[in-house]
**Student:** 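Below you'll find the structure I mean.
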Amino acid sequence: MPKRDLRPLPRSFFDRDPRRVARDLLGKILIRGSRTKISMAARIVEVEAYLGFKDPAAHAFRGMTARNSVLFGPPGHAYVYFIYGMHYCLNVSCQPSGTPGGVLFRALEPIAGEVQMAKQRGISITHRGDLLRLTSGPGKLTEAFGITSKRDNGCDLTSLSAGLWIADDGSSVGRIRRTPRIGIRVAVDDPLRFLLAGNPFVSGPKRLR
DNA sequence: ATATCGATTATCT
DNA sequence: GATAATCGATATG
């Protein structure tokens, strides 16, 4: 019997190795809203872990900069960065201050607020399958959730104050699959991508689903 | 000051 | 499978 308590996950949840956080984040819910109203909600179905100084693919690998400083701060905060001149990506910082690490949100399964998501994505939902294009990619899900500037960079995802948080609705997750990460050119063999096996909202090539 | 490239997406062949 | 779109961060001169 699922919980209906959708309060933010505690900071301690994120104060761990990004690989552990990534795996445990699958099945949780990303929520946009306020104390009185949830405007959007979607299940986390695909994430990637990025480590610190030992991970050449991580933004934190070459040390702290103005851009990646959130990764070096306390756990549970949003690291939002701009990529390819047109997309934003959302991460959550992991591990204690001084130890960089994070988890990239790569795909979500919409639960509520699909109309608003479609509006912010600039697409209409007229065919079966259009829902699949709402949040099935790191740049898509940020656009759907209105994370379209660095305004959200650094916000606390363990609090209601930013209007963006992560909750556990008590639902059980099915089989979890690990694969190499997508879109990187170094450390291409490390299996740090985690997904709900067979979930239709997952991004990337079919062979990695 | 200028060049290169990226944790992507949409569109075309 | 290949490529354009588009810009901030980073590297190099």
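Labels below follow one simple rule: chain letters A, B, ... track the order of the sequence lines, proteins then strands, and each chain is numbered from 1.
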**Student:** Could you state the CD1-P distance from A:Ile147 to B:dT8, rounded to the nearest angstrom?
**Tutor:**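 Going from CD1 in A:Ile147 over to P in B:dT8 covers 16 Å.
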
**Student:** For DNA chain B, which ranges pair as stems of 3 or more consecutive Watson-Crick or G-U pairs, with both donor-acceptor distances under 3.5 Å?
**Tutor:** B:1-6 with C:7-12, B:8-12 with C:1-5

**Student:** Identify the heavy atoms of A:Ala167 and A:Leu6 that sit nearest to each other, and give their distance.
**Tutor:**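 What the structure gives for the nearest pair is CB-O, 3.5 Å.
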
**Student:** Does any N or O in the side chain of A:Arg177 come within less than 3.5 Å of the main-chain N or O of A:Leu196, such that one atom is a donor and the other an acceptor?
**Tutor:**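 No; judged by distance alone, with no hydrogens or angles, the pair does not exist.
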
**Student:** Output the rounded distance in Å from CZ (A:Arg67) to C1' (B:dA7).
**Tutor:**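 Spelled out: CZ on A:Arg67 to C1' on B:dA7 is 9 Å.
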
**Student:** Under a 4.0 Å N-O cut-off, is there an ion pair linking A:Arg106 with A:Glu46?
**Tutor:** yes

**Student:** Given 3.5 Å as the limit, does a donor-acceptor pair link the side chain of A:Thr65 with the main chain of A:Arg67, or not?
**Tutor:** yes

**Student:** Rounded off to whole Å, could you give me the CZ-to-C1' distance for the A:Phe61 and B:dG6 pair?
**Tutor:** 16 Å

**Student:** Just N and O in the side chain of A:Lys150: are any of them under 4.0 Å from OP1 or OP2 of C:dG8?
**Tutor:** no

**Student:** So, is A:Arg133 close to the B:dA10 phosphate, meaning a side-chain N or O under 4.0 Å from OP1 or OP2?
**Tutor:** no

**Student:** Does the cation-pi check pass for A:Arg121 over A:Phe145, that is, NZ or CZ under 6.0 Å from the six-membered ring centre and within 45° of its axis?
**Tutor:** no

**Student:** Rounded to whole Å, please give me the gap between CG in A:Leu71 and P in C:dA9.
**Tutor:**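 Atom CG in A:Leu71 sits about 14 Å away from atom P in C:dA9.
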
**Student:** So what does A:Arg121 touch, heavy atoms closer than 4.0 Å: a base, only the sugar-phosphate, or nothing?
**Tutor:**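 Sugar-phosphate only.
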
**Student:** Should the pair A:His59 and A:Tyr79 be assigned to parallel (<30°), tilted (30 to 60°) or perpendicular (>60°) ring geometry?
**Tutor:** perpendicular

**Student:** Is A:Ser203 near enough to B:dT8 that one of its side-chain N or O atoms lies under 4.0 angstrom from OP1 or OP2?
**Tutor:** no

**Student:** Restricting both atoms to N or O, compile the protein contacts to nucleotides 2-7 of chain C shorter than 3.5 Å, with distance only.
**Tutor:**
from	atom 1	to	atom 2	distance (Å)
C:dT6	O2	A:Tyr84	O	2.4

**Student:** Provide, to the nearest angstrom, the distance between the OH atom belonging to A:Tyr81 and the C1' atom belonging to B:dG6.
**Tutor:** 9 Å

**Student:** Give the rounded distance in Å between these two atoms: CZ of A:Phe194 and P of B:dA7.
**Tutor:** 19 Å

**Student:** Take A:His59 and A:Lys140, find for each the nucleotide of DNA chain B with the closest heavy atom, and name the residue whose nucleotide sits nearer the 5' end.
**Tutor:**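 Its nearest nucleotide lies further toward 5', so the answer is A:His59.
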
**Student:** Does B:dG6 have OP1 or OP2 under 4.0 Å away from a side-chain N or O of A:Arg185?
**Tutor:** yes

**Student:** Here's a test for you: under side chain to side chain contact (heavy atoms under 4.5 Å, CB included), which of A:Val103, A:Leu26, A:Ile44, A:Val45 qualifies with A:Phe194?
**Tutor:** A:Leu26

**Student:** Regarding A:Arg11 and the six-membered ring of A:Phe13, is the cationic atom NZ or CZ under 6.0 Å from the ring centre and inside 45° of its axis?
**Tutor:** no

**Student:** For A:Leu134 and B:dT9, give me the distance from atom CG to atom C1', rounded to whole Å.
**Tutor:** 15 Å

**Student:** Classify A:Ile184 by what it touches in the nucleic acid, base, sugar-phosphate, or nothing, heavy-atom distance under 4.0 Å.
**Tutor:**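 Counting heavy atoms under 4.0 Å across all strands, the contact made by A:Ile184 is with sugar-phosphate only.
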
**Student:** For A:Lys119, does the NZ atom have more than 12 heavy-atom neighbours from other residues, nucleotides or ligands under 6.0 Å away?
**Tutor:**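 No.
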
**Student:** In this structure, how many angstroms lie between the C1' atom of B:dA7 and the OH atom of A:Tyr79, rounded?
**Tutor:** 9 Å

**Student:** Do A:Thr142 side-chain atoms and A:Gly139 backbone N/O form a donor-acceptor pair below 3.5 Å?
**Tutor:** yes

